[in-house]
Amino acid sequence: LQQLLAGVRMTVANGQFFVGFYVIGAMGVIGGFVGRMVCGWACPFGLFQELLHKIPSRKFGIWQPLRFTKYVLLASMVIILPLFAVDQFGLGDPWFCKYFCPAGTLEAGFPMLILQPGLRANLGPLFLNKLFILIFFIVWAVLASRPFCRTACPLGAFYALFSKVKLVKLRLDPARCTNCEACHSVCPMGVKYNESPEDMECISCLACSKACKFNAINLEVGGVSISSQPIPSPQQLQKS
C-alpha cells in the first residue's frame with residue numbers, strides 16, 4: 001500500500017494515471033472476509049510476540065488509549081507521508097517500512113544481511129534506529145501480550161476497520177454467557193469479550209471460545225454458526 005501511494009504522484013504528473021487499486025481491493029477482500037483473523041492466524045511477527053510472552057517474567061497490561069496509536073501510524077506513515085512527502089521526481093518513500101517497522105527488520109533486514117554480507121558495511125543510523133525499535137518491542141513483548149499488534153501495527157489497524165462487517169467472526173450467545181470472565185485472562189489482545197463482543201482489537205484466535213465452559217462464544221461464517229455446541233450439564237462442568 002505504501003509503494004502504491006508513493007508512486008501515485010509521479011504517475012499522475014506523467015499523465016499515465018496508473019493507480020493499482022487492486023492492492024486496496026485485495027486488502028479489502030481479505031478484510032471483508034476475515035478482518036483481523038489474519039493477525040491471529042497468519043502473522044509471523046504475532047507468533048514471535050506470543051512466544052516471547054511465554055518467557056517467565058512479571059506481566060503487565062497495556063494502557064488502553066495506546067491502541068489508537070496504530071491508526072495514527074496508518075494515516076500518517078502509510079497514507080499521508082508516502083502520498084505527499086515526495087522528491088523532485090514525484091516519488092515518495094514507504095515511510096513505515098523504511099523508518100519504523102520492527103517486523104521488517106527481523107523478517108527481512110537480518111536475513112538480507114546474512115545473505116548479502118557486503119551490505120553490512122553500509123549500515124548506518126537508519127538501521128540502528130530500527131534495531132532499537134525492534135529491541136524495544138522484543139522486551140515489551142516479554143512483559144505484555146502482543147504490544148506491536150495492539151499499539152503500532154498499521155495493517156492490524158486497517159483490518160480492524162472491518163470488525164463489524166466481516167463474514168467470519170466470533171459471536172457471543174447472551175443466553176449462555178454467565179459473565180464468569182474466563183475469556184478475559186486468555187485473550188492475547190486484552191479484549192473482554194463478554195463486555196465488547198465486536199471489539200476492533202479481536203483477532204478471532206478462538207482462545208476465548210476454548211476457555212468458555214458454557215460454549216457462549218462461537219465461530220460463525222456469514223451469520224451461520226459452525227462451532228456451536230450444546231450447553232454442558234453441571235456434571236460435565238465439574239468433570240472439566
Side-chain angles (χ1 to χ4, degrees), residues 27 30-55 57-75 102-103 137 140-229 231:
M27 294 173 64
I30 295 172
F33 272 98
V34 297
R36 290 198 74 178
M37 182 177 265
V38 172
C39 307
W41 292 91
C43 177
F45 198 66
L47 171 63
F48 179 62
Q49 292 174 87
E50 293 204 358
L51 294 176
L52 288 173
H53 193 59
K54 293 182 182 294
I55 297 175
S57 71
R58 186 179 177 184
K59 305 302 180 183
F60 300 88
I62 294 179
W63 190 41
Q64 285 295 318
L66 288 178
R67 62 162 51 181
F68 299 107
T69 306
K70 59 181 173 290
Y71 297 98
V72 175
L73 293 173
L74 172 63
F137 277 105
W140 197 4
V142 174
L143 304 175
S145 178
R146 281 184 173 248
F148 178 71
C149 306
R150 295 164 69 176
T151 67
C153 180
L155 187 58
F158 177 85
Y159 286 136
L161 301 176
F162 296 86
S163 60
K164 293 185 186 239
V165 299
K166 60 185 179 181
L167 289 177
V168 181
K169 63 171 64 177
L170 293 178
R171 179 71 68 186
L172 177 69
D173 186 345
R176 297 186 177 191
C177 181
T178 63
N179 293 313
C180 66
E181 299 184 355
C183 55
H184 292 195
S185 60
V186 298
C187 180
M189 298 296 288
V191 175
K192 298 179 179 179
Y193 194 79
N194 65 312
E195 298 177 6
S196 54
E198 290 192 348
D199 197 307
M200 296 174 71
E201 294 297 288
C202 178
I203 57 175
S204 301
C205 65
L206 303 182
C208 58
S209 178
K210 295 176 182 177
C212 181
K213 295 182 179 179
F214 299 93
N215 300 321
I217 305 174
N218 298 295
L219 185 68
E220 67 173 30
V221 179
V224 179
S225 177
I226 61 172
S227 63
S228 181
Q229 300 176 9
I231 300 177

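- Thr151 and Thr69 get closest at one heavy-atom pair: O-CB, 3.1 Å.
- Using a cutoff of 4.0 Å between basic side-chain nitrogens and carboxylate oxygens, Arg67 and Asp199 are scored as salt-bridged.
- Of the inter-residue distances, the one linking Asn215 atom CG with Ile217 atom CD1 reads 10.0 Å to the nearest 0.5 angstrom.
- Shown here are the salt bridge (Lys or Arg N to Asp or Glu O under 4.0 Å) partners of Lys166, two or more places apart in sequence or in another chain: there are none.
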* Asked: Does the side chain to side chain contact (heavy atoms under 4.5 Å, CB included) test come out yes or no for Arg171 and Glu198, once each step is laid out?
  -> CA-CA 8 Å; Arg171 179 71 68 186; Glu198 290 192 348; 4.0 Å; yes
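- Under the side chain to side chain contact (heavy atoms under 4.5 Å, CB included) rule, Val191 has a single partner from Met200, Arg150, Glu201, His184, which is Glu201.
- Legend: residues meeting salt bridge (Lys or Arg N to Asp or Glu O under 4.0 Å) with Glu50, ordered by chain and number and at least two apart, are Arg146.
- A donor-acceptor contact shorter than 3.5 Å links the side chain of Ser145 to the backbone of Pro188.
- Closest of all the heavy-atom pairs between Ile203 and Gly40 is CD1-CA, 3.7 Å.
- No donor-acceptor pair under 3.5 Å is formed between the side chain of Ser209 and the backbone N or O of Asn218.
- In this structure, Phe214 CZ and Cys180 SG are separated by 6.0 Å, a value rounded to the nearest 0.5 Å.
- Atom OH of Tyr193 is separated from atom CG of Leu172 by 6.0 Å, given to the nearest 0.5 angstrom.
- For Met27 against Leu155, the heavy-atom pair with the smallest separation is CE-CD1, 3.8 Å.
- Applying the side-chain contact (heavy atoms from CB on, under 4.5 Å) criterion to Ala144, with sequence neighbours excluded, gives Ile62, Trp140.
- Counting all heavy atoms, side chain and backbone alike, Cys39 lies closest to Gly156 at SG-CA, 4.0 Å.
- Pairs engaging residues 177-192 under the salt bridge (charged side-chain N to carboxylate O under 4.0 Å, His left out) rule: none recorded [sequence neighbours left out].
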Which donor-acceptor pairs under 3.5 Å do the side chains of residues 157-165 make with protein atoms, sequence neighbours left out?
{"from": "Ser163", "atom 1": "OG", "to": "Ala160", "atom 2": "O", "distance (Å)": "3.2"}

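- Judged as a ring pair (Phe, Tyr, Trp, His ring centres under 6.0 Å), and not counting sequence neighbours, the contacts of Phe148 are Phe45, Phe137.
- A donor-acceptor contact shorter than 3.5 Å links the side chain of Lys59 to the backbone of Val142.
- Considering Cys202, Cys205, Ser204 in turn, Ser204 is the only one that fulfils the side chain to side chain contact (heavy atoms under 4.5 Å, CB included) rule with Met37.
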* Verdict with supporting geometry, Gln49 and Cys149, side chain to side chain contact (heavy atoms under 4.5 Å, CB included) -> CA-CA 9 Å; Gln49 292 174 87; Cys149 306; 3.2 Å; yes
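- Rounding to the nearest 0.5 Å gives a distance of 4.0 Å between CG of Leu219 and CD1 of Ile226.
- For Phe33, the CZ atom counts as loosely surrounded, since its 6.0 Å shell holds 12 or fewer non-hydrogen atoms of other residues, nucleotides or ligands.
- Taking every heavy atom of both residues into account, Leu143 and Ser57 meet most closely at CD2-OG, 3.9 Å.
- Separation of atoms CH2 (Trp63) and CG (Leu66) is listed at 6.0 Å; rounding is to 0.5 Å.
- Between Cys43 and Val38 the shortest side-chain heavy-atom distance does not fall below 4.5 Å.
- Summarising the geometry of Pro44 relative to Ala42, their closest heavy-atom pair is CD-O, 3.3 Å, with the distance given to 0.1 Å.
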